[in-house]
Every structure is written in C-alpha cells, then in structure tokens.
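Both backbone and side-chain heavy atoms feed into the values below; hydrogens, waters and symmetry mates do not.
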Amino acid sequence: MRRVLLVMEKKALAQGIMGILARRAVPFHDEANYLQMVERVRQEAVETVLIEVSENEGHDIDYCLGACEHLRMEVPECRILLLLPEEREDFVEKTIEAKRSGLIHDFIFLSAGLEYMASSLMAL
C-alpha cells in the first residue's frame, strides 16, 4: 500500500480525505507547510502526494507547479496528484500541460467527492 502525503490548506477537506484513508488502512501524513513537502516525503517514505492548488497567491498554480518541479528533481519516483478549482481556466490549462509533459501524474477538481479523491490517491 502506498504512503500518501496531503499538502493542503483546506483543513476540513484534508480531514475528510484522511478519515477515508484511515478507514481503508492507507498510511498517510499531512503537511500544511508547502515548503516542508520534500522533506516530509523523504522522512515518511511517501510515494504519492496530493497538492492542493489554492486561489490564494501564496499557493497558486505557478507556485504549486514550481513545487512539483522541485519534488520531481529531489524524489523522481514520487507520484503527484494536484487538487484544483475547476473555475480557474488558467489553472486548468497549466495543469493539463503539466500532466501532458509528465510533471504531474494526474489531477482532480475540488468539486469531486471525498471518496473519489481518496480513490484517486490510492489508484496512482
């Protein structure tokens, strides 16, 4: 079973996903500090990361894609799943390009259900 790291701002959403992962006996960790992501991946031997793309400037699509590039360089075997708002066409376009280029493995929208989000993490 893959170890999962959730890097998210939305605490209630993260807790919902963690509850599902716990019920399914999936080992997971959470990290609210995006700058600590690579270190946590190494410390916890994480194989899959879910990164929430925020509409806030601090963790917007450009920031998150840069973090993905860093993670890919440091831990190339780690699988990356982005979680983003579908209303932001610019975010969606950049995310699709990131998937096509191989920077990320997949993405899901914030409007997806918690079960779907957890299943997507488990499927990577």
Side-chain angles (χ1 to χ4, degrees):
M1 183 94 27
R2 291 186 180 275
R3 290 185 188 273
V4 173
L5 177 67
L6 306 177
V7 182
M8 302 178 66
E9 287 184 355
K10 292 179 175 59
K11 292 297 171 201
L13 183 60
Q15 289 174 346
I17 296 169
M18 288 187 289
I20 294 167
L21 294 174
R23 284 196 307 274
R24 295 182 182 179
V26 175
F28 67 88
H29 305 276
D30 69 316
E31 180 60 62
N33 184 344
Y34 287 58
L35 296 174
Q36 294 298 316
M37 176 177 58
V38 172
E39 184 63 30
R40 285 295 300 273
V41 166
R42 287 187 179 133
Q43 283 176 346
E44 308 297 346
V46 167
E47 297 153 311
T48 304
V49 176
L50 174 65
I51 302 170
E52 177 192 349
V53 177
S54 172
E55 293 190 73
N56 299 332
E57 285 187 29
H59 300 122
D60 67 4
I61 189 64
D62 293 324
Y63 177 88
C64 289
L65 291 176
C68 291
E69 287 177 16
H70 182 66
L71 178 59
R72 176 73 57 230
M73 286 181 0
E74 297 293 324
V75 190
E77 67 278 7
C78 188
R79 315 250 328 142
I80 302 171
L81 181 68
L82 287 185
L83 177 64
L84 66 144
E86 65 270 20
E87 304 86 31
R88 293 290 306 265
E89 289 183 31
D90 55 331
F91 285 15
V92 174
E93 289 173 12
K94 289 179 180 184
T95 300
I96 290 170
E97 182 55 38
K99 181 173 172 37
R100 285 183 180 149
S101 72
L103 178 61
I104 64 170
H105 293 87
D106 211 348
F107 63 93
I108 51 180
F109 293 121
L110 282 166
S111 62
L114 292 175
E115 291 286 343
Y116 182 82
M117 291 178 191
S119 295
S120 294
L121 279 167
M122 295 169 60
L124 278 184

Problem - ring-ring contact (aromatic ring centres under 6.0 Å, His included) partners for Tyr63, two or more places apart - result: His59
Problem - Residues in ring-ring contact (aromatic ring centres under 6.0 Å, His included) contact with Phe28, at least two apart in sequence or another chain - result: none
Distance-only check: which donor-acceptor pairs under 3.5 Å involve side-chain atoms of residues 74-82, not counting sequence neighbours?
unit_1: Glu74; atom_1: OE1; unit_2: Arg42; atom_2: NH2; d: 2.3
unit_1: Arg79; atom_1: NH1; unit_2: His105; atom_2: NE2; d: 3.2

Problem - Any pair counted as salt bridge (charged side-chain N to carboxylate O under 4.0 Å, His left out), so long as it reaches residues 5-21, sequence neighbours left out - result: Lys10-Glu52
Problem - Co-membership, hydrophobic cluster, residues Leu124 and Phe107, 4.5 Å side-chain - result: no
Problem - Path from Leu84 to Leu103 over hydrophobic side-chain contacts below 4.5 Å - result: yes
Practice task
Please identify each residue that fulfils side-chain hydrogen bond (donor to acceptor under 3.5 Å, both in side chains) with Lys99, with sequence neighbours left out.
Solution key: none
Problem - Same apolar cluster: Leu5 and Leu65, side chain cutoff 4.5 Å - result: yes
Problem - With Asp106 via salt bridge (Lys or Arg N to Asp or Glu O under 4.0 Å) - residues at least two apart - result: none
Fill in the blank from the handout: Residues passing the side chain to side chain contact (heavy atoms under 4.5 Å, CB included) test with Ala67, sequence neighbours excluded, are Met37
Handout entry: Partners meeting salt bridge (Lys or Arg N to Asp or Glu O under 4.0 Å) with Glu115 (sequence neighbours left out)
Key = Arg23, Arg24
Practice task
With rounding to the nearest 0.5 Å, note down the distance linking CG in Asp62 to CG in Asp90.
Solution key: 8.5 Å
Fill in the blank from the handout: Here the pair of heavy atoms bringing Tyr34 nearest to Ile51 is CE2-CG2, 4.0 Å
Exercise for the section: Report yes if the side chains of Leu121 and Val26 come closer than 4.5 Å at any heavy-atom pair, otherwise no. Expected result: no
Problem - Spatial distance of atom CD (Glu89) from atom NZ (Lys94) [nearest 0.5 Å] - result: 13.5 Å
Handout entry: Side chain proximity check, Val46 to Arg40, heavy atoms < 4.5 angstrom
Key = no
Handout entry: Any Leu83 side-chain heavy atom under 4.5 Å of Met8 side chain
Key = yes
Exercise for the section: Spell out, yes or no, whether Phe109 and Ile96 are grouped together once hydrophobic residues are joined by side-chain heavy atoms under 4.5 Å, including indirect joins. Expected result: yes
Exercise for the section: For Ser101, check side-chain hydrogen bond (donor to acceptor under 3.5 Å, both in side chains) against everything at least two apart and list the hits. Expected result: none
Exercise for the section: Only counting residues at least two apart or in another chain, list the ones meeting side chain to side chain contact (heavy atoms under 4.5 Å, CB included) with Leu114. Expected result: Leu13, Ile17, Ile20, Met117
Problem - Non-neighbouring partners of Glu87 that pass side chain to side chain contact (heavy atoms under 4.5 Å, CB included), sequence neighbours left out - result: Glu55, Pro85
Problem - Connected via hydrophobic side-chain network under 4.5 Å: Leu21 and Tyr116 - result: yes
Handout entry: side chain to side chain contact (heavy atoms under 4.5 Å, CB included) against Asn33, all qualifying residues, sequence neighbours excluded
Key = Glu31, Leu35, Gln36
